Number of protein chains: 2
Amino acid sequence: MKRNSRLSGVLHVLLHMAEADRPLTSEALASMMSTNPVVIRRVLAGLRRDGMVHSEKGHGGGWRLARDLSDVTLRDIYVALGEPGLLALGHRTESPDCLVEQAVNAAMEQAFQEAETVLLDRFGEITLAALSADFHERLHRRSDDAV
Amino acid sequence: MKRNSRLSGVLHVLLHMAEADRPLTSEALASMMSTNPVVIRRVLAGLRRDGMVHSEKGHGGGWRLARDLSDVTLRDIYVALGEPGLLALGHRTESPDCLVEQAVNAAMEQAFQEAETVLLDRFGEITLAALSADFHERLHRRSDDAV
DNA sequence: TTTCATGTAATAACATAAGTTACATGAAAC
DNA sequence: GTTTCATGTAACTTATGTTATTACATGAAA
C-alpha cells in the first residue's frame, strides 16, 4: 500500500519558506519538490485556511509563513491538512452484521486507537522550530565535514 | 487514502473456519466475504506457507486451520501476510540529499517507529482464541436479547 | 496595459488493488 | 477409468484513488 507523503512534503515546503527572506512562488516550490505548481497551490490553500501561510498575487508575490515556527507543531499541520487517515490498515466493513466480524473489528480497533494516539502525541511535541534547529545543525555538521 | 483490510478479512475467514467442523471451500468463504474465490485462494496461499492453514483438493476438500487458536496471534497473521505497511503516512523521499528533508524525515521517523511498535505489540497480545471467545460472548448476548 | 502570480475547475495520466477468466493439477466418488 | 469437485496459478480486466496537466479567471505590481 502506497503511503501518503503529503505531510512530509508540506513540512519540507514550510521549512524552505522559513529560510527564505521573501515570498516563494508556487513554481519555485514546485521545482524544489519536483512536482507541479498547481499541486503546491492546492495543498497550501488548505494551510492558508488554518492561518499557517499567506499568499499574494502579482509581482513579488508568492507564499510565506504566517505564524512563528515555535507556535506550530506537526500535529497542527496534520490537522490543517484535514486529518488524513494515519493507519494503512482498516476494517473490511465498518458496521458489520456478522458477529465474527464485529469481534474482529473490536479487537483491532483498540490497537488502532492506541497507535494513533501515540503518533499524534509525538506530532504534538515537535514544533517547526525544532525541525528548523535540526536542519541548521545538519548544515553546520556538513560544512564542518567539508573543511 | 484507502485502507488495507486484508488482515481484517483474513481474520474473519479464519474464525469462520474455526467454527466449521469440515473444510470450507474457497467458494463458500468467498460468498461469506462477498468476494471472488480466486482472491480467497491467493490470500490463503500466503498463510499456508507459514503453516496457518491447510488446503485439500477434490471432493470434501477446501481450507481448514492448521494450528491451535490459542497459538496464533494477530501479529503472526500479520507477518504471514508479508508485513504490509502499517502507517498511511510516509516520507516523500527515502534518502534525500536535501538537508531540510533529512531533518523532516528524522523527526517523523521516530514518531512512526513508536506508533508501529505499539500497534505490533498489541497485535502480539491478541490470540485467535481471544477473538473466538469474544465472538461466542456476542453470540450469547444476542440470543439473550432475542428471548 | 502588460507582466507576473495565485485560484480553481476540469481533465488526463498513472499506479495499485480487486475482480474475473481460463485452464492445469490432483483427489474422491461412482 | 472417467466424471466431478476443488485447489493452483497465470493473464487479463475493471475499479478506484491520487497526482499531474491544461486552461482560464482574478488581481496586484511594474
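Protein chains get the first letters and strands the later ones, always in sequence-line order, with residue 1 at the start of each. Predicted model only: the values in this text are computed from it and were never measured.
- Aromatic ring centroids of His136(B) and His140(B) lie 6.0 Å or more apart.
- Thr35(B) has a side-chain polar atom (N or O) that falls below the 4.0 Å cut-off from OP1 or OP2 of dG19(C).
- Atom CE in Met33(A) sits about 11 Å away from atom P in dT19(D), given to the nearest Å.
- In this entry dG27(D) has dC4(C) as its Watson-Crick or G-U wobble partner, both defining distances falling under 3.5 Å.
- The main-chain N or O of Gln102(A) is never found under 3.5 Å from a side-chain atom of Asn105(A) such that the two would form a donor-acceptor pair.
- Side-chain N/O atoms of Arg42(B) and base N/O atoms of dG19(C) include a donor-acceptor pair closer than 3.5 Å.
- Between the P atom of dA29(D) and the CD atom of Glu56(A) lies a distance of 7 Å, rounded to the nearest Å.
- In this structure, Ile40(A) places its CD1 atom 13 Å from C1' of dT6(C), rounding to the nearest Å.
- Here Arg41(A) does not reach the OP1 or OP2 of dG7(C): none of its side-chain N or O atoms lies under 4.0 Å away.
- Atom-to-atom, CG of Leu47(B) to P of dG8(D) comes out at 12 Å; the value is rounded to the nearest Å.
- Each of dA28(C), dT16(C), dT7(D) was ranked by its minimum atom distance to the side chain of His59(B); first place goes to dA28(C).
- The nearest whole Å value for the distance from the CZ atom in Arg22(B) to the C1' atom in dC5(D) is 14 Å.
- For Pro37(A) and Arg48(B), each mapped to the nucleotide of DNA chain D holding its nearest heavy atom, the one lying further toward the 5' end belongs to Arg48(B).
- Computed from coordinates, the Asn4(B) CG to dG17(D) P distance equals 14 Å when rounded to whole Å.
- The side chain of Ser55(B) contributes an N or O atom lying less than 4.0 Å from OP1 or OP2 of dG8(D).
- Among the candidates Val13(A), Thr25(A), Leu14(A), Leu44(A), the single residue satisfying the side chain to side chain contact (heavy atoms under 4.5 Å, CB included) test with Trp63(A) is Leu44(A).
- Using a 4.0 Å heavy-atom criterion, one finds that Gly60(B) contacts no nucleic acid atom at all.
- By the rule that hydrophobic residues join a cluster once side-chain heavy atoms approach within less than 4.5 Å of another member, Met108(B) and Val79(A) end up as members of one cluster.
- Both Asn36(B) and Ala45(A) lie near DNA chain C, and the one whose nearest nucleotide falls closer to the 5' end is Ala45(A).
- In this structure, NE2 of His54(A) is placed 11 Å from P of dA28(D), rounded to the nearest angstrom.
- Side-chain atoms of Lys57(B) and base atoms of dT25(C) include a donor and an acceptor less than 3.5 Å apart.
- For dA6(D), the OP1/OP2 oxygens have no side-chain nitrogen or oxygen of Thr25(B) closer than 4.0 Å.
- Ranking dG7(C), dG19(C), dT21(D) by closeness to the Val39(A) side chain, first place goes to dT21(D).
- When the C1' atom of dT3(C) is taken as reference, atom CD of Glu27(A) falls 14 Å away, rounded to whole Å.
- Note that the CZ atom of Arg64(A) and the CZ atom of Arg22(A) stand 13.5 Å from one another [nearest 0.5 Å].
- Nearest to the side chain of Val38(A), among dA18(C), dA30(D), dA9(C), sits dA9(C).
- Not one side-chain nitrogen or oxygen of Arg6(A) sits closer than 4.0 Å to the OP1 or OP2 atom of dT18(D).
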